[in-house]
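Here is the structure we will look at, set down as structure tokens.
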Amino acid sequence: MIEAMLAAILILSLYAVESKDLLHGTIALSGVSLLSSLLFYVLKAPDVAITEAAVGAGVSTVVYVWAIKSMERSESP
Amino acid sequence: MSARAPSAQVLTAALCIAAASFALWPLANFDGPWPEGIRDYLEARGQDESGARNLVSAIYLGYRGYDTLGETIVLLVAVSGAIGMIGAAGSKLTPGYADAAQGQSPVAGTARRAHRRTELIDVVTGKLGPVVLVFGLYVMLFGHVSPGGGFQGGVVVASGIVFLGMGSKGAGLSPLVGAVTLARIEAAGFLALLLAAGLGIVSGAGFFAPPLRGASPVGYIVALNAVIGLKVGAGIGFLCIAMLGEAER
């Protein structure tokens, strides 16, 4: 269970780095945060899980998306 | 990024991995006994001494109050820095707020670009915002008995404020998403935190100690949670709202 989540986090992180579409990368990062939050909950740290879900998956995604809206969406070639 | 040669990228990645391994090597190969004294002490006596069932709250507001003060100062500096950078970039901070009185969205430009938005975002975020706010307040105020606390509740409140900011379309505009209101709440929260921390000095209990000797210290933890939650929620919410206004310029 934990190994599967860690593997998914690794895959999503690599995709976020390699993705040429910044919006896709941001969504992948949001998924990483969501999975980390789930991982914290499984590891019996609900306090950290709440923070991670709110900051990582919520607020920071909004900020990233808004930043992408005001610039080029794809990575410059 | 793409200007660099692929070999340079590989070299950078290899260096990063090497540095990380160097830093983590002692941790991975640590075979001494784990420090158990403090853990056992807190497990045995933390609940009685602090009155908080959630030991995490008891530690970061009771035993390690200084850390929490440092955290809130970091957030205060971050907010000040972001506002300074937005100001230095030559743009008005949150230009939408002047228009809010005329019934426009506080998020500048959303009214202008209304044809590109669906009603979905407005309806969903506007309805979800208050629910998230209430949940954040619950997490904040019941941090001593259930998972959560000031910082955790504060960030949930901040996401609720962001929802309200995205969802309100003029008519249902909440004063909560006003930049001035949020800035005042944050400043007042920090002042209240300093006062609460200093109250112990006046009563002779010491800095960041529960001021009333006889009473259970759990009330002090609840008060600190509420103050920190308000401060963190207003601060992070203000940051997001300010950026929402800025990016749409």
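Note that this is a predicted model, so its numbers are computed, not measured. We name chains A, B, ... by the order of the sequence lines, and we start the count at 1 in each one.
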**Report entry** Backbone N/O of Gly143(B) and side chain of Ser146(B): donor-acceptor pair under 3.5 Å
**Finding:** no
**Report entry** Contacts of type side-chain hydrogen bond (donor to acceptor under 3.5 Å, both in side chains), residue Gln47(B), not counting sequence neighbours
**Finding:** none
Query raised in the report: Counting N and O atoms only, with roles assigned by atom type, does the side chain of Thr72(B) sit under 3.5 Å from a partner on the main chain of Leu69(B), one being a donor and the other an acceptor?
Result: yes
Query raised in the report: Is there side-chain contact between Leu164(B) and Val132(B), with heavy atoms separated by less than 4.5 Å?
Result: no
Query raised in the report: Nearest 0.5 Å, what's the CG-NZ distance between Leu75(B) and Lys231(B)?
Result: 4.5 Å
Query raised in the report: Which residues, numbered in order, of residues 22-38 of chain A come under 4.5 angstrom of chain B by heavy-atom distance?
Result: none
Query raised in the report: Under 4.5 Å, heavy atom to heavy atom, which residues of residues 42-50 of chain A contact chain B?
Result: Pro46(A), Asp47(A), Ile50(A)
Query - Side chain / backbone / both / neither for Val155(B) at chain A, heavy atoms under 4.5 Å - result: both
Query raised in the report: Listed by chain and number, what are the salt bridge (Lys or Arg N to Asp or Glu O under 4.0 Å) partners of Glu71(B), not counting sequence neighbours?
Result: none
Query raised in the report: Given side chains that start at C-beta, do those of Phe238(B) and Val79(B) come closer than 4.5 Å, heavy atoms only?
Result: yes
Query raised in the report: Is there a donor-acceptor pair closer than 3.5 Å between any side-chain N or O of Asn225(B) and the backbone N or O of Leu141(B)?
Result: no
Requested in this report: Taking the side chain as every heavy atom from C-beta outward, state whether Glu49(B) and Tyr63(B) have any atom pair closer than 4.5 Å.
Outcome: yes
Query raised in the report: Side chains of Val63(A) and Cys240(B): closer than 4.5 Å at any heavy-atom pair?
Result: yes
